[in-house]
Amino acid sequence: MLPREVLPALQGIVPSVIATASADGTPNITGLSQVFHVDDRHVALSNQFFSKTARNLAENPYAVVQLIHPETVRMWLLDLRFVRSEREGPVFDAMAMQLEAIASMQGMEDIFRLRAADIFEVLSVRELREASGS
Amino acid sequence: MITQALMDHFATPVSIAVGTVTDGRPVFLRAFGLDARLGAGELTIYVPVVTAGPTLAGLEHAKQASVSVVNVENFQGFQLKGEVTSVAPAGPEAEATIDRIQTRMVESTAKMISPAFSQGWGRFVTRPAVALTLRVREIFQQTPGAGAGERIA
């Protein structure tokens with residue numbers, strides 16, 4: 001489900017963006033430090049400052065994440081459905097370690113702290129080929 | 001509602017992400033330009049036609065949009081939420097704005113990420129564009145840190 005060509009866009013070099021919606025249809029859009037490859041059908045998103053996003057997902061489990069390849073600038077949209085939050089375990093530990101590296105790269109060592117690894121099922125992947133101009 | 005601080009922010013190299021809702025599901029759009037007036041309660045964003053098509057139909061019903069505007073050099077950001085009040089083709093003045101912001105982004109991403117990324121960003125198809133005007137209802141702080149998510153207006 002998650003094509004290999006998308007994986008470089010998960011390195012955290014280019015911040016991703018997540019869109020969610022509340023039950024009353026109000027969208028929320030915010031930056032995302034980390035999209036972590038769990039397996040071919042699941043990704044984990046770093047929950048750091050996600051108060052509104054978390055509230056929306058409790059009401060409406062669907063989300064869209066935009067990924068950008070750090071070299072080619074190819075752009076993908078992942079349609080996701082929230083599954084669960086993990087606050088410990090191997091995925092959380094691996095994400096916490098990777099987030100430290102991302103924070104260091106972006107000068108955010110004192111700010112980025114992983115609160116939870118939010119696990120999502122990948123429903124579909126769309127590349128925005130028409131946008132890339134190549 | 002659009003303060004001088006916001007106007008100053010909009011003049012930096014900004015990445016503009018847009019969220020809307022269609023059939024109860026969130027939708028993502030990328031905008032490549034924006035315009036606002038000091039003291040006004042409206043924000044206009046420019047979304048390329050090549051990616052906006054299906055979403056525009058959804059906006060006829062939902063009308064709600066959220067716009068995240070982030071300075072790519074220091075990650076300072078704001079989210080503006082409101083109701084879409086007009087959807088119209090972007091004219092020549094808007095295209096000049098898109099080109100100016102695109103040029104800033106190309107220059108900044110060359111420094112912040114890489115020359116290859118910067119060249120790719122410069123190839124995005126930004127025209128023709130659609131101008132979406134929002135009546136801004138709420139503004140939130142989005143800079144990473146303790147104040148992230150705080151409503152400021």
Side-chain angles (χ1 to χ4, degrees), chain A residues 13-33 48-57 59-66 68-81 103 106-108 110-113 123 126 128-134, chain B residues 15-30 32 48-53 61-68 70 72 74-75 77 79-83 109 112-114 116-126 137-138 140-151:
Chain A
I13 295 171
V14 181
S16 301
V17 181
I18 180 171
T20 58
S22 64
D24 71 2
T26 304
N28 191 77
I29 190 151
T30 190
L32 186 59
S33 299
Q48 297 161 238
F49 317 105
F50 269 7
S51 52
K52 185 57 183 172
T53 298
R55 283 199 296 275
N56 282 355
L57 291 170
E59 298 175 2
N60 178 348
Y62 295 102
V64 182
V65 165
Q66 180 220 238
I68 301 180
H69 191 290
E71 292 171 8
T72 65
V73 199
R74 290 170 71 184
M75 193 185 294
W76 291 273
L77 297 180
L78 309 186
D79 290 305
L80 305 176
R81 181 166 52 208
Q106 298 180 355
M108 295 276 179
D110 299 330
I111 295 170
F112 284 3
R113 186 178 64 85
L123 302 176
R126 291 172 286 146
L128 293 178
R129 289 180 193 277
E130 66 275 25
S132 68
S134 56
Chain B
S15 170
I16 309 161
V18 185
T20 67
V21 179
T22 298
D23 296 331
R25 294 202 184 190
V27 174
F28 173 91
L29 289 170
R30 180 159 287 284
F32 287 89
V49 168
V50 289
T51 54
H61 302 287
K63 292 199 178 293
Q64 299 297 316
S66 297
V67 181
S68 173
V70 176
V72 297
N74 62 14
F75 303 108
Q79 180 177 204
L80 299 92
K81 295 189 178 188
E83 185 180 44
T109 55
M112 301 294 294
I113 301 176
S114 71
F117 184 92
S118 161
Q119 289 162 14
W121 194 276
R123 285 195 300 269
F124 276 133
V125 179
T126 58
R137 187 180 63 240
E138 299 171 292
F140 297 88
Q141 178 65 251
Q142 274 200 326
T143 306
E150 184 180 318
R151 183 175 172 177

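Numbered from 1 within each chain, the chains take letters A, B, ... in sequence-line order. The structure presented is a predicted model; accordingly, all values stated were derived computationally and were not measured.
Environment of CZ in B:R137: crowded, with over 12 heavy atoms of neighbouring residues, nucleotides or ligands closer than 6.0 Å. Sparse packing is recorded around CD of A:E71, with 12 or fewer heavy atoms of other residues, nucleotides or ligands lying under 6.0 Å away. Residue B:D23 places its CG atom among 12 or fewer non-hydrogen atoms of other residues, nucleotides or ligands, all under 6.0 Å distant.
The part of A:P15 that comes within reach of chain B is its side chain, from C-beta onward, which places non-hydrogen atoms under 4.5 angstrom from that chain. Only the side chain of B:S114 has a heavy atom closer than 4.5 Å to any heavy atom of chain A. Within the 4.5 angstrom heavy-atom criterion, no atom of B:F140 approaches chain A. When heavy atoms are compared at a cutoff of 4.5 Å, B:P48 does not approach chain A at all. Using a 4.5 Å cut-off between heavy atoms, B:V50 contacts chain A through both its backbone and its side chain. With a threshold of 4.5 angstrom between heavy atoms, B:V72 does not approach chain A through any atom at all. Looking at A:N60, the atoms closer than 4.5 Å to chain B (heavy atoms on both sides) all sit in the side chain, from C-beta outward.
When all heavy atoms of A:I29 and B:Q79 are compared, the pair lying nearest together is N-OE1, 2.8 Å.
With sequence neighbours left out, the side-chain contact (heavy atoms from CB on, under 4.5 Å) criterion links A:Q66 to A:V17, A:I68, A:M75, A:L77, B:F28, B:R30.
Here the side chains of A:V73 and B:R123 are not in contact, with every heavy-atom distance at 4.5 Å or above.
When the candidates B:P144, B:G149, B:G120, B:A148 are compared by the number of heavy-atom contacts under 4.5 Å with chain A, B:P144 comes out ahead. Comparing A:A19, A:S22, A:P27 by heavy-atom pairs within less than 4.5 Å of chain B, the highest count is held by A:P27.
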Problem set entry | A:I13 vs B:I113, side chain to side chain contact (heavy atoms under 4.5 Å, CB included): CA-CA, chis, key distance, verdict | CA-CA 8 Å; A:I13 295 171; B:I113 301 176; 4.2 Å; yes
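Atom CD of residue B:Q64 and atom CG of residue A:N28 lie 12.5 Å apart, to the nearest 0.5 angstrom.
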